[in-house]
Amino acid sequence: MKTALKRDATSEEDSGVRAGARSAVKSARASRTNSAVRGPGGLSVRLDVRALTVVVLLLLAALAASVVLIGTGDFPIPAGDVLKTLLGDGNAGQEFIVNELRLPRVLVGLLVGASLGLGGALFQALSRNPLGSPDILGLGQGATAGALVMIVLFSGDAGQVTVGALVGGLATGLAIYLLAWNRGVHGYRLVLVGIGMSAIMTAVNGYLLTKADLVDAARSVVWMTGSLSGRDWAQVWPLLALCAVLVPLVLANGRGLRMMEMGDDVSYALGVRVERVRLLLMLSAVLLTAAATAAAGPVSFVALTAPQLARRLTRSPGPNLLPSLCMGAALLVTADWISQRVFGADQLPVGVVTGVLGGVYLLWLLVTERKAGRI
Amino acid sequence: MSAGKSNEKSSGLNNRRSTVNRLSADNVTLAYDQRVIAEQLSVEIPDNSFTVIVGPNACGKSTLLRALSRMLKPSQGRVLLDGSVIQSMPAKKVARTLGLLPQSSIAPDGITVADLVGRGRYPHQGILRQWSTEDERVVQESMEQTGVAELADRYVDELSGGQRQRVWIAMALAQQTPLLLLDEPTTYLDIQHQIDVLDLCAELHEEQGRTLVAVLHDLNHAARYATHLIALRGGAVIAEGAPNDIVTAELVEDVFGLRCQVIDDPETGTPLVVPAARKAREQVRKERVDQGGRAEKVAATEAS
């Protein structure tokens, strides 16, 4: 039955193409950027050519920036040597600097950027609002509160601070979800509850800072700005493991999320299990954001800007999950390179650069949204 | 024709159970949180009918449609689709049998007509079967049936209200469901586009044999297009049946509290509801205040 239908469809399509240029032109126009790759046994994969190109280019950009970043520092190494060393063909001194000191830092940067980009895209799609990103919702503030509790109250070591940040981020995410839940989470309520949560957490952080002695306070402030300096392999592995689980899980649910853009009723009617998909994706987004924050501190505005920039590049509706992920990684590594290049090694935490870039972008977004009458 | 058959026979239908029809609500109690909209409501959607649900505002017609399309889980009773409880069926399987055009839907920014209609294929797709030739054919067909094929590459945000509604209907059609539920498909459209959409519905019903269920506000449209009418008031079925059999002045008065005449539609012969003049209605209202319960009888005789 199925194959019969398929054969019918194919023959119809063939005759349509033969019949004349008109229908051919029509179908070519309709599938301007989308094209399907079809295999035997009804296998078919839909590709958005433009989005795919964007993903590849962003990946290349992120990798290129990484290589340059590895070569940047008090002891500059040319890009060629970096590549040679990464492939296991460098001299001993360069090998130590590249593999032990700088590679883990760049990997943390890539993973943090990717997690923030993906987490931001998820939040913005779920809240149907570009402002519904983890930065605005107070997840970063919540993670900071967790970290500050560890630093100020318990004088914890780096590992404990990471755990504190993770717990803080997850608790904030859970609180937002519970407060915003009312027969389903809806966009504006989520954003408003998140803004309230963010304010509370900022107050908590301010209080904790005033309680801290000078050393702890200095340590807190560095952590709060978001920095990649001194990151080693111990930070890479947990983040990589988390991404390895969550990224495929999120992408597998991406089609449901795409339907949910059209409202809960429509997606429900199309057979999407809205509440389940939403809970799963929100949990993933919170985990990704909290883990990224725990690893690098609350690097501001990457989660807000990456999805929007990616969307403008792909020009395709939908959550643009993979492009946002790549954009986040490229953005963060580039920002880190700028901070090192312009201000010298580890003088300026990467969070300051993303903050400046993201702040400008946020203003631009608010102005254009206002012009479009959406705010 | 207009007076004649009373609505008593429908109360019998209310409690009848049947396994013949594909979609039915069986003794459902519908509530939002604690607010009960309908209790012990039973409705059968006859197969291959164009069923229209009418009733005054807040009578529970949209709520009933939400329950029938499994958006709202009944707090008691059950909605049956092909003999099984609709909530227990796999979501995509239901979506291949029953489509819904809800009142509110959001067109994503920068989506083209073809893309939006293509999203109706979701329940037929999977990770390994994302866009078959069959999908392509059905999308093209759905756009042609609704007359939006020429708009395929246009952005949905730049279309007029009437065009947009057609696009959404095309999306629901691309779902290829034998049952299609429409929640006030003509709201916010001018008269020409209202008729346009209703003609399209009639076509889908007559030519493709789909079972349609629509909630409509306009009683005359309902009487003209429906093959089966369900009149609701306060969450209960007051009457159901073919419009010619059940639409009477008494029924309209009973359901909507509006005094009127029911005449034959000069175009189609279906019942046409003509509200009584304002002065006549005021007169009756005064009499009602004077005479209390007797007023209703007066109204009924006057109307016939």
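Labels below follow one simple rule: chain letters A, B, ... track the order of the sequence lines, proteins then strands, and each chain is numbered from 1.
Looking at Arg258(A), both its backbone and its side chain come within 4.5 Å of chain B, counting heavy atoms on both sides. Only the side chain of Leu116(B) comes within contact range of chain A, with at least one heavy atom under 4.5 Å from a heavy atom of that chain. Residue contact with chain A, scored on non-hydrogen atoms closer than 4.5 Å, involves the backbone and the side chain of Gln125(B) alike. Within the 4.5 angstrom heavy-atom criterion, no atom of Val274(A) approaches chain B.
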>> Let's go through Met262(A) and Ile111(B) carefully: what are the C-alpha distance in whole Å and the side-chain angles of both, what is the deciding distance for side chain to side chain contact (heavy atoms under 4.5 Å, CB included) to 0.1 Å, and is it a yes or a no?
In response: CA-CA 11 Å; Met262(A) 296 181 287; Ile111(B) 194 168; 5.6 Å; no
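Of the listed residues (Lys93(B), Gln103(B), Lys92(B), Gln175(B)), the greatest number of heavy-atom pairs within a distance under 4.5 Å of chain A belongs to Gln175(B). Looking only at heavy-atom pairs under 4.5 Å with chain A, the residue among Pro90(B), Ala172(B), Gly126(B) that has the most is Gly126(B).
Annotation: side chain of Met171(B) is in contact with side chain of Val266(A) (closest heavy-atom distance under 4.5 Å). With contacts defined as side-chain heavy-atom distances shorter than 4.5 Å, the pair Ser105(B)/Asp265(A) does not qualify. Put simply, the side chain of Leu100(B) does not reach to within 4.5 Å of the side chain of Tyr268(A), judged on heavy atoms.
For Arg154(B), the CZ atom counts as densely surrounded, since its 6.0 Å shell holds more than 12 non-hydrogen atoms of other residues, nucleotides or ligands.
Taken to the nearest 0.5 Å, the CE atom of Met260(A) stands 11.0 Å off from the CD1 atom of Ile106(B).
Pairs engaging residues 80-91 of chain B under the salt bridge (charged side-chain N to carboxylate O under 4.0 Å, His left out) rule: Arg22(B)-Asp82(B) [sequence neighbours left out].
Annotation: residues 48-66 of chain B contacts chain A through Arg66(B) [non-hydrogen atoms, separation under 4.5 Å]. Contact annotation for residues 243-256 of chain A against chain B (heavy-atom separation below 4.5 Å, listed by residue number): Ala252(A), Arg255(A), Gly256(A).
Taking both residues in full, the closest heavy atoms of Pro108(B) and Pro317(A) are given as CB-CB, 4.3 Å, listed atom of the first, atom of the second, then distance. Between Tyr122(B) and Leu270(A), the shortest heavy-atom distance links the atoms CD2-O, 3.3 Å. Closest non-hydrogen pair, Arg70(B) versus Gly271(A), comes out as NH2-CA, 4.0 Å.
Take Thr187(B) and apply the side-chain contact (heavy atoms from CB on, under 4.5 Å) test, not counting sequence neighbours, and it matches Glu184(B).
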